[in-house]
Amino acid sequence: MSEPTVTESVDARGSYCPGPLMELVKTIKSAQVGDVIEILSNDEGSAKDIPVWVKKMKHELVYRKKVNDYWKIAIRKKH
Amino acid sequence: MTKRIVVLGGGTAGTMVANKLARQLSAPIGNKEVEVTLVSNAEKHIYQPGYLYIAFNEKMPEHFVRKEKELVHRNVNLVFDDVVRIDSEANKLVSDKASYPYDYLVVATGSYPDFDSIPGLKEAAHDFYTLEGAIKLRDALASFEGGTILLTVDVPHKCPAAPLEITLMMEDYFARRGIRDRVKIVYTYPINRIHSLEPIARWAEPAFEKRNIIAETFFNLEKIDPERKVAITMDGEEHAFDLLISVPAHKGAPVILNSGIGDETGFIPTDRYTLKMEGSDNIYVIGDATNLPISKAGSTAHYQSETLVPNLISRINGISETAHYNGKVACFLENSLHDASMITFDYTHPPQPATTSELLHWFKGVYNEIYWLNVRGIM
């Protein structure tokens, strides 16, 4: 199955404060419903936190995969 | 021909860069080979971390304010003007009354709390991100005799540790006034813990528990009903308050939005190592104006100036740029009105809060004074 088109990609590698999840929260606010936001992160904690936030906020986790030494995580804005 | 360096913005980043350039390029400036111009739209320079101390009536507002012209080195051509557009094609800044051509531009236009970002925010919320807001909050806290204080946080915002700091300081403030038992302090945060940085969250959690500060996570403010004094979150829940303190989402400067060089919120896509605007070789971006995923804080601007200034001087001297910004940031973390911790971190080293001590609080107080040397480009 082909991957969905990413609407916006945020390179949050090297972001410790405020951190990749806060970059996602910021980006998703200004995105349109249906947009796919991809976050690049080298923070292990964020790789766990982002799916939890996405589930709680009722958005959709499209994928979460490790590429070399960083994570690529994509979220679809649902509402 | 004279090379023109123009710095746009007279906050911490812009003033520091202009002063450092003026001090380090005094010979070529004297020979008219180089000209450094600082264009600012504010005659007053405010040390923004002072807002926390104003809110708790620790210092008067004037303590943190200086005249910009008294901070700027004599070798800098200081101009007060409202630039409305950056014309990156023609290499000039444009205002209603003048234009400022440049060979090299440093954009230091900062970030601003957007009080229109949430319905009801403007009417109902106090803030500590503006001088006027800090003074109003001081007066509201001084007359507060009991009830629920709700603190909300939106993103992006400058100084990511400040919401935690104001909460911890506020707890001490009411304890000292002898009315802590009458004040319910509710701190909220948009994600699953009380700070996005796990080490900082771990640092603050025991203090929250010990000092009976209530924390609510996954709190994403959507609107405020000022009449009913209720904050409504994304999940539809209502949260009552007697006094609301909000950290609004920040935006870039209007000039960035007008110039079409920023993203939709007015922050400029910037190379994380060279600090050049993406796609440009002669526009540099510093401080809060960048879109970099790091703290919007004065220390960030300070450390970035240590890359940007040597690189500009190299270019003036016909040498390749060799300095790279490594993402360094340093922040104090006030734990109360009498003790503090601190963190430093960069792109590859996560922060670890230092042991909380009175000495670090004292050091923060000292830095609040040293700042005026720092912004003059002396340190």
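Excluded from the calculations below are hydrogen atoms, water molecules and symmetry mates; all remaining heavy atoms, backbone and side chain alike, are included. So you know, we letter chains A, B, ... as the sequences are listed, proteins then strands, and number each from 1.
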Q. Which one of B:His157, B:Lys296, B:Arg193 has the most heavy-atom pairs closer than 4.5 Å to chain A?
A. B:Arg193

Q | Neighbour count >12 (heavy atoms, 6.0 Å) for atom CZ, B:Phe218 | A | yes

Q.
Please determine whether a side-chain nitrogen of the Lys or Arg among B:Arg202 and B:Glu205 lies less than 4.0 Å from a carboxylate oxygen of the Asp or Glu.
A. no

Q: To the nearest 0.5 Å, tell me how far B:Tyr325 OH sits from B:Tyr347 OH.
A: 5.5 Å

(Q) If I measure from the heavy atoms of chain B, does A:Asn42 come under 4.5 Å with its side chain, its backbone, both, or neither? (A) side chain

Q) Is the number of heavy atoms from other residues, nucleotides or ligands within 6.0 Å of NZ (B:Lys251) greater than 12? A) no

Q: Please determine, among B:Met234, B:Arg272, B:Glu264, the option with the most heavy-atom pairs under 4.5 Å with chain A.
A: B:Arg272

Q. NE2 of B:His324: more than 12 outside heavy atoms within 6.0 angstrom?
A. yes

Q) Does B:Glu165 reach the side chain of B:Thr167, with side-chain heavy atoms less than 4.5 Å apart? A) no

Q.
Please find the pair of heavy atoms, one from A:Arg76 and one from A:His59, that lie closest to each other, and give the distance.
A. O-CB, 3.5 Å

Q. Does any heavy atom of chain A fall under 4.5 Å from the side chain of B:Phe345, the backbone, both, or neither of them?
A. side chain

**Q.** Region of A:Lys56 in contact with chain B, defined by heavy-atom distances below 4.5 Å
**A.** side chain

Q) chain B heavy atoms under 4.5 Å from A:Lys58: which part of the residue, side chain, backbone, both or neither? A) neither

**Q.** Per-residue contact mode, B:Thr348 against chain A (heavy atom under 4.5 angstrom)
**A.** backbone

Q | Which portion of B:Asn220 sits near chain A, non-hydrogen atoms under 4.5 angstrom | A | side chain

Q) B:Cys331, B:Ser196, B:Pro293, B:Pro160: which one forms the most heavy-atom pairs within less than 4.5 Å of chain A? A) B:Pro293

